[in-house]
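Note that the structure is predicted; figures quoted are calculated from it, not measured.
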Amino acid sequence: MDYSTGRYNVFEPSGIQIGRIDQDEFVRSGSQILYRIDGNEVYGVKAGHPPLAFIENERATTREGTVLFWVEEE
């Protein structure tokens, strides 16, 4: 999914909103960047690290199977 063409709310697994994607590839909480999304890969804010999770069916899941967050179109 291309998150750069819309607005999305981002929720932790418990259902609490943790941030937004606002027509770009970043998950933000206010002005703080939480994650960067590149295709279906989710990265932290530090460059040069492997993906933290992968997005499938609007859920970002780690390699270990833990849901990091889920995305819902605004």
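Both V42 and I18 are assigned to one and the same hydrophobic cluster, defined by single-linkage of ILVMFWY side chains at heavy-atom distances under 4.5 Å. Follow the hydrophobic side-chain contacts under 4.5 Å out from F69 and you reach L52 in the same cluster.
Within a 6.0 Å sphere centred on CG of D38, other residues, nucleotides and ligands contribute more than 12 heavy atoms. Enclosure of atom CD in E74 by more than 12 non-hydrogen atoms of other residues, nucleotides or ligands within 6.0 angstrom is indicated.
Rounded to the nearest 0.5 Å, atoms CD1 (I21) and CZ (R36) are 13.0 Å apart. Distance CD/E25 to CD1/I37: 8.5 Å, rounded to 0.5 Å. With rounding to the nearest 0.5 angstrom, the CG atom of N57 is 8.5 Å from the CZ atom of R59. With values rounded to the nearest 0.5 angstrom, F54 atom CZ is found 11.5 Å from L68 atom CG.
In terms of modelled atom types and a separation under 3.5 Å, the side chain of D24 and the main chain of F26 share a donor-acceptor contact.
In summary, the side chains of S14 and E12 do present a donor paired with an acceptor at a separation below 3.5 Å, with no hydrogens or angles considered.
You'll find the side chain of W70 stays beyond 4.5 Å of the side chain of E58, heavy atoms only. Put simply, the side chain of R28 does not reach to within 4.5 Å of the side chain of R20, judged on heavy atoms. Within the 4.5 Å cutoff, no side-chain heavy atoms of V10 are placed close to those of Y35.
Of all the heavy atoms in A53 and A60, the pair that sits closest is CB-C, 4.0 Å. Shown here for Y8 and E73, the closest heavy-atom pair between the two residues is CD2-CA, 3.5 Å. The minimum heavy-atom distance linking F11 with E72 is given by the pair CE1-CB, 3.9 Å. What you find for L34 and V45 is that their closest heavy atoms are O-CG1, 3.8 Å.
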